[in-house]
Protein chains: 2
Amino acid sequence: MSEATAKQGPDTRARILDAAEALFMTHGFEATSMRMITGQAGVNLAAVNYHFGSKDALIQEVFRRRLTELNRDRLAALEAEEAVAGGAPLKPSKIVAAFFGVSLKMAADTEHGGATFMRLLGRTYTEPNEFVRQFLAEEYAEVVQRFMDALYRALPDVPREEILWRFHFMMGAMSYAIAGTDALKLFAGDFDDEDPARLMPRLMSFLLGGLRAPLPEEVVDQNTQRRDAA
Amino acid sequence: MSEATAKQGPDTRARILDAAEALFMTHGFEATSMRMITGQAGVNLAAVNYHFGSKDALIQEVFRRRLTELNRDRLAALEAEEAVAGGAPLKPSKIVAAFFGVSLKMAADTEHGGATFMRLLGRTYTEPNEFVRQFLAEEYAEVVQRFMDALYRALPDVPREEILWRFHFMMGAMSYAIAGTDALKLFAGDFDDEDPARLMPRLMSFLLGGLRAPLPEEVVDQNTQRRDAA
DNA sequence: GTATGATTCAAACGAACGTTTGAACAGGAC
DNA sequence: GTCCTGTTCAAACGTTCGTTTGAATCATAC
């Protein structure tokens, strides 16, 4: 028991984070107790408070560890496309692929728990926990701004408000796409799992179809009406 | 104090259901305690267990009360379109409008708590609580089957698996649409609320654009490959 | 060896949880 | 009046929660 077989395997911190991430996904934040986490991680109950300070701080750290990497990759993907384009506006398909491609890539990584995290993340946008939402907003601010700017340039004729909404819709579709077959089985019991590699092209077709759909008539109407009335 | 001013206002049951629905949306299931519910409802703590048996049964009843009405309306909308079409396959736009139109109509009903419930429902598809998921599956089985059949007839050339996935994506987009401006503000601080009536045409354009998008090449490739190989 | 700082451990803390209990109160039927 | 059924109430039940404590254990430097 000299080197590989240390007393407790890898770092206690990392083991706690992995266990917490998996359990948060399965049971949610509130329903996951410290004793479940430390039990699954094989560490002492007090280890969480020692290493992270509190349960809330642990939740925050679970997100930060992944989200930092995720958003860095997203920005890198966008900048790679922008470098290729060399100043010219990007095609919408490139922008969408950069953002959601990175998401689905992490979601496909079952090896290192990326799939677990992405499903957790997808649920969290709409979840109520106040400080988690606040934290998400801060972590996302820069990335979303960059991608929205790219979309504004790519679609100069589309009202910005409309792009914002459609980006929002796309996030929803992606979230459900990643939540995946479990949710699908909810209303299609005969549905059978399949190659997750086919999810990306499927989702991308849908997203681009939605993004480039003709603007709703009512929006045009209301815009002109607004200029006339009031 | 003879008629309108009864001892405790309206039915205790209904007051509990309303309070629980609102609190579940704000805090989630686990984070909402019986004492919070009974406190907000202005009833005794034991009233929940007396009227519903348990907290789980209360959750179930919160969903049943709304979901029964929601799915009845959805089926009615579909059948109304089918009656107009008279045996002919429906247009996809009619089918989508029937399903999601009813959803957004309830989501727009802030008066009777429909908005509260729809946001709660949107979160619940992907939420972990086992028996809530089971209950949702049962409540949705018939309606989804009917709408999927209508879509199969409307799009006979599209593989059924593909339709199922796109319906899933549409559910995700709708869920985020209803979660709405709160989530939007997450990554667009300058975003200002607006007329919720404009949400429906916006979402509908996006959904139909996604539903009718060209099939991803990979799917076609893989289909032919599957026929050749294996 | 001993001293030092970081980490782990078993045990306990008070608070909040869902639920149960048994008495009190209501309003008809007789 | 008495009885009965449905409902409300204050109080307590046992359990589990997140957190804290102080001693034990480790690794490393001297």
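If you're wondering where the values come from, they're calculated on a predicted model, not measured in any experiment. Each chain gets a letter, A, B and so on, in the order the sequences are listed, and its residues count up from 1.
Projected onto DNA chain D by closest heavy-atom contact, A:M36 and B:A47 fall at different nucleotides, the more 5' of which corresponds to B:A47.
Residue B:F29 contributes atom CZ, which lies 14 Å from atom P of C:dG18 at whole-angstrom precision. Rounding to whole angstrom units, CD1 of residue B:I59 and C1' of C:dC17 are separated by 14 Å. Spacing between atom CG of A:L58 and atom P of D:dG18 amounts to 11 Å, rounded to whole angstrom units. Rounded to whole angstrom, the span from the CD1 atom of B:I16 across to the P atom of C:dG18 amounts to 13 Å.
Remark: B:A115 engages B:T110 in a side-chain contact (heavy atoms from CB on, under 4.5 Å) (not counting sequence neighbours). The ring pair (Phe, Tyr, Trp, His ring centres under 6.0 Å) search around A:F147 returns A:F99, not counting sequence neighbours. Shown here are the side-chain contact (heavy atoms from CB on, under 4.5 Å) partners of A:A107, two or more places apart in sequence or in another chain: A:M118, A:I178. Every side-chain contact (heavy atoms from CB on, under 4.5 Å) that B:E61 has, sequence neighbours left out, goes to B:R13, B:L17, B:F52, B:R64. In this structure B:F117 satisfies the ring pair (Phe, Tyr, Trp, His ring centres under 6.0 Å) test together with B:F63, sequence neighbours excluded.
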Filtered N/O pairs between nucleotides 19-23 of chain D and protein, under 3.5 Å:
| from | atom 1 | to | atom 2 | distance (Å) |
| --- | --- | --- | --- | --- |
| D:dT19 | OP2 | A:N49 | OD1 | 3.4 |
| D:dT19 | OP2 | A:K55 | N | 2.9 |

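The shortest distance between the side-chain N/O atoms of A:H51 and the OP1/OP2 oxygens of C:dT8 is below 4.0 Å. Proximity of A:S33 to the phosphate of D:dC17: a side-chain N or O atom is located under 4.0 Å from OP1 or OP2.
Annotation: side chain of B:F169 is not in contact with side chain of A:L207 (no heavy-atom distance under 4.5 Å).
Among the protein residues, B:T38 comes within range of no part of the nucleic acid, since none of its heavy atoms lies under 4.0 Å from any strand.
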